[in-house]
Every structure is written in C-alpha cells, then in structure tokens.
Protein chains: 2
Amino acid sequence: MAIEYAILGLLSWRPFSGYELRKFFSESVALYWSGNSNQVYPTLVRLHKEGLVENEVRQRGNYPPSKVYSLTMAGEEALTGWVTAAPAVSQIRSTFLTQLAWADRLTSEELDSLLNHYQHELQLKLLMQRELIRRKPAEPARTSREVLLWKMIADHDCALYEAEVDWLGRLRQALVKEE
Amino acid sequence: MAIEYAILGLLSWRPFSGYELRKFFSESVALYWSGNSNQVYPTLVRLHKEGLVENEVRQRGNYPPSKVYSLTMAGEEALTGWVTAAPAVSQIRSTFLTQLAWADRLTSEELDSLLNHYQHELQLKLLMQRELIRRKPAEPARTSREVLLWKMIADHDCALYEAEVDWLGRLRQALVKEE
DNA sequence: GTAGTCATGTAAGACGTTACATGATTCT
DNA sequence: AGAATCATGTAACGTCTTACATGACTAC
C-alpha cells in the first residue's frame with residue numbers, strides 16, 4: 001500500500017492529525033489520494049499497531065479531541081527503506097482506449113467528434129494541472145533539492161498529458177491519410 | 001465498469017465462451033485486464049440478466065460444457081451507445097512519484113541510483129511492449145480503419161513510456177545543474 | 001505419471017470511492 | 001438560521017487481484 005508511505009513521508013516533515021493528513025491529500029497535486037477518511041484513519045491505526053507511528057491526544061475544550069501522530073524511529077527506518085526500494089513502473093489503464101477499440105462502429109464524423117471531445121478534455125486537464133501548480137507552490141519543502149523534486153513530480157502529469165495530445169494528433173493525421 | 005464493454009466489444013466480432021474471453025484478455029496488449037475468472041464469469045451472468053448477451057451451451061462429450069455467448073440487439077445498442085459516450089481522461093497514479101516525494105532523504109548517489117533503476121525499468125517496459133506489438137499484429141480486425149485504431153492503441157502506451165523517459169532525463173539534468 | 005489445456009466457478013483480500021453518523025464551534 | 005470547519009470514525013460498495021476447487025482430456 002503506497003498511501004501508508006505517503007503518510008509516513010508527511011509525518012517525517014512534522015506531526016499531523018488524521019484530519020490534517022486528509023486535508024493535505026485532498027489539496028495535493030503530487031499525492032493523488034482523495035483523502036477519504038476510510039483510508040486515512042484505519043491506516044493510522046495499523047501503522048500505530050506496527051509501531052511505526054505514535055500519537056498524542058490533544059484535548060481542546062469541548063472540541064472533539066484530535067490525535068496528533070508522529071514518526072517513531074522504526075517509522076523513519078521503514079520510510080527510508082521504502083524510498084530506497086526498487087521502483088516499479090506503473091500500469092496505464094485508459095478507459096478511452098477501450099472505447100477506441102470498438103470505435104470502428106462509428107462513422108468518420110462520429111469518430112472525429114469523439115477524438116475532438118477527448119482532445120478538449122485532455123487540454124482542459126492540462127490547463128487545470130498547470131493552474132494548480134501555478135497557484136500552489138507552497139509545499140513545505142526544506143531543501144532546494146526537495147523543491148526541485150516536488151516541482152518535477154507536479155510536472156510529470158503535464159508531461160504525460162502532453163504526450164497524449166501528441167499521440168492523438170498522430171492518430172488523427174493517420175485517419176485523415178487513410179481516407 | 002469498462003470490462004463489460006470490452007466483453008460486449010469482443011462479442012461484436014464473434015461469439016466467445018467465458019474461457020475464450022479470459023484467454024483473449026490475458027494475451028491482449030490493448031485490453032489490459034488480467035482475464036481473471038472472478039471478473040469475467042460474473043460479468044457475463046450480469047450481462048445475461050440485463051439481456052445484452054445470450055448463450056448457447058455447447059456439450060462436448062465428457063468435457064465440461066462451455067457456454068458460448070453472443071450479442072443480442074440490446075447488446076449491440078449498448079455497445080454503440082458506450083462507444084459514442086463522452087470520453088474521460090484517466091487519472092495517472094504512479095507509486096514511483098510518491099517514492100520520489102521523499103527521496104530527499106537519500107544522498108545524491110542513492111537518488112541517482114534510484115533514478116537509474118527506474119529508467120532501466122521504463123526502457124525494459126518499452127522494449128517488452130514493442131516486442132509484444134511486433135509479435136502479435138493478429139488482432140482480428142476487419143477494416144483497414146480498425147487495423148489503424150488497434151495499432152494506435154498499442155502505440156499509446158509506448159508514447160507514454162517515452163514521455164516518461166524524457167521527463168526523467170529532464171529531472172536528472174536539473175539535479176546535476178542543481179549541485 | 002506429470003504437466004498443460006479446456007472450462008466452469010467461488011473465496012478472500014487489497015485498494016479505492018462516496019455517503020453517513022456525531023457533535024461542537026465559527027463565520028456570514 | 002444556516003453553512004462551513006474541525007475531528008473522529010463506520011458502512012456499503014466498486015474494481016481488480018491471486019489463489020483455490022473441480023474434473024476430464026491431451027501431450028510428453
């Protein structure tokens with residue numbers, strides 16, 4: 001499970017409560033998880049059982065108490081171990097490709113409209129991603145190298161979306177030639 | 001669920017048994033599902049209940065009988081409807097990026113080794129993908145346009161892997177400059 | 001006789017999602 | 001008065017995976 005390491009990573013910066021972790025995930029460009037509670041809270045409980053994190057309950061008057069988690073030594077080691085581990089190439093799973101696989105059922109006009117639609121969606125995603133990056137350079141990185149890494153991580157998705165736009169361009173050209 | 005449309009799509013070519021569908025999925029480059037039985041058989045039962053497919057039980061002596069499925073008119077329509085529907089851009093989820101997010105814990109040498117490792121993995125994937133495409137142009141497409149579509153679908157993953165190699169190159173260059 | 005293929009299906013579990021439950025406080 | 005935020009957690013469900021159960025036939 002990768003989210004457990006994302007959590008350990010955030011705790012390596014500073015202590016977080018479950019609520020704060022969820023908020024961070026939901027706003028982060030790089031850490032893609034939605035930040036839903038059903039994933040964060042049980043993971044924290046498990047990490048606690050495994051001795052990788054410890055928590056301090058903070059009472060705030062009549063507020064619900066919050067559990068502020070921080071890394072243990074074992075947690076530090078687990079994080080470093082994972083970061084060093086052999087990286088795996090992630091699988092690409094595009095529903096659109098499955099749609100395209102049977103797009104021969106469509107007329108040339110319908111197919112063109114489908115591709116056009118997808119191109120617009122891609123360009124919209126690209127714009128949104130770039131806007132998110134522009135607005136939110138405020139990840140609390142501590143060294144210039146970490147700033148660079150987070151910048152490149154955010155750039156990664158842009159690079160792939162651009163590659164898809166290019167691919168789509170080649171596909172459309174090939175279709176025009178084919179006619 | 002996209003696999004249900006992938007199944008409808010295959011059945012639009014010709015009748016398939018569940019076993020044949022699983023085999024097709026497990027060998028296909030474009031249709032990325034593993035072809036595990038727990039996904040294929042229940043889906044066929046559901047599609048049958050919904051009236052999108054019908055089956056004919058084929059008895060073969062003492063062999064286990066096989067259920068050969070084919071599309072109904074409603075199935076044809078459902079497939080066409082889905083192919084025409086608004087395409088969605090798929091989310092990119094790379095565990096490697098999460099690993100990179102806390103790679104500032106590593107020394108320059110360790111980080112370089114991590115990036116090197118990932119680059120090798122990427123290039124291996126690219127080679128494997130290209131080899132799969134070279135070996136297996138035998139998808140039973142019926143029109144030259146469909147041949148083109150399936151070629152571009154197989155090419156899609158290559159294009160993205162190449163983009164990732166480029167991105168990695170930019171990252172490494174930026175890191176060298178940074179030092 | 002051992003492994004592989006043909007053929008159906010179930011069990012259990014990893015990972016992710018939305019929606020719900022609860023309850024106080026703070027902002028408009 | 002109503003909505004948003006702070007803060008925990010559970011329920012239900014969707015998708016996908018590996019592994020198991022069963023049983024006959026086929027090729028080495």
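Labels below follow one simple rule: chain letters A, B, ... track the order of the sequence lines, proteins then strands, and each chain is numbered from 1. A quick note: this is a predicted structure, and the numbers were derived from the prediction, not measured.
The stretch residues 33-40 of chain A comes close to DNA chain D through S37(A), N38(A), each having a heavy atom under 4.0 Å from the strand.
At distances below 3.5 Å, not a single donor-acceptor pair connects side-chain atoms of S28(A) with backbone N or O atoms of F25(A). With Q99(A) contributing its side chain and V83(B) its backbone, the two residues share a donor-acceptor pair below 3.5 Å.
Atoms CD1 and CZ, on I153(A) and F96(B) in that order, are 8.5 Å from each other to the nearest 0.5 Å.
A salt bridge links R134(B) with E131(B); the closest basic N to acidic carboxylate O contact falls under 4.0 Å. Taking a cutoff of 4.0 Å between a charged side-chain nitrogen and a carboxylate oxygen, D155(B) and R170(A) qualify as a salt bridge. Taking the charged nitrogens against the carboxylate oxygens, E50(B) and R46(B) do have a contact shorter than 4.0 Å, which makes a salt bridge. The residues R105(B) and E110(B) are annotated as not salt-bridged, no charged nitrogen and carboxylate oxygen being separated by less than 4.0 angstrom.
Across the interface with DNA chain C, nearest-nucleotide mapping of P65(B) and Q91(B) shows P65(B) to be the residue nearer the 5′ end. Mapping R93(B) and K67(B) onto DNA chain C by nearest heavy atom places K67(B) closer to the 5' end of the strand.
Spacing between atom CZ of R22(A) and atom C1' of dA19(C) amounts to 12 Å, rounded to whole angstrom units. Protein atom CD of Q59(B) is 18 Å distant from nucleotide atom P of dC6(C), rounded to whole Å. Straight-line distance from the OH atom of Y41(A) to the P atom of dT22(C): 17 Å, rounded to whole Å. In this entry the distance linking CZ of F25(B) with C1' of dA7(C) reads 17 Å, nearest Å.
A 4.5 Å side-chain heavy-atom check between Y69(A) and E56(A) finds every atom pair outside the cut-off.
Protein chain B contacts DNA chain D over a range whose 5' and 3' limits, counting nucleotides with an atom under 4.0 angstrom from a non-hydrogen atom, are dT15(D) to dT26(D).
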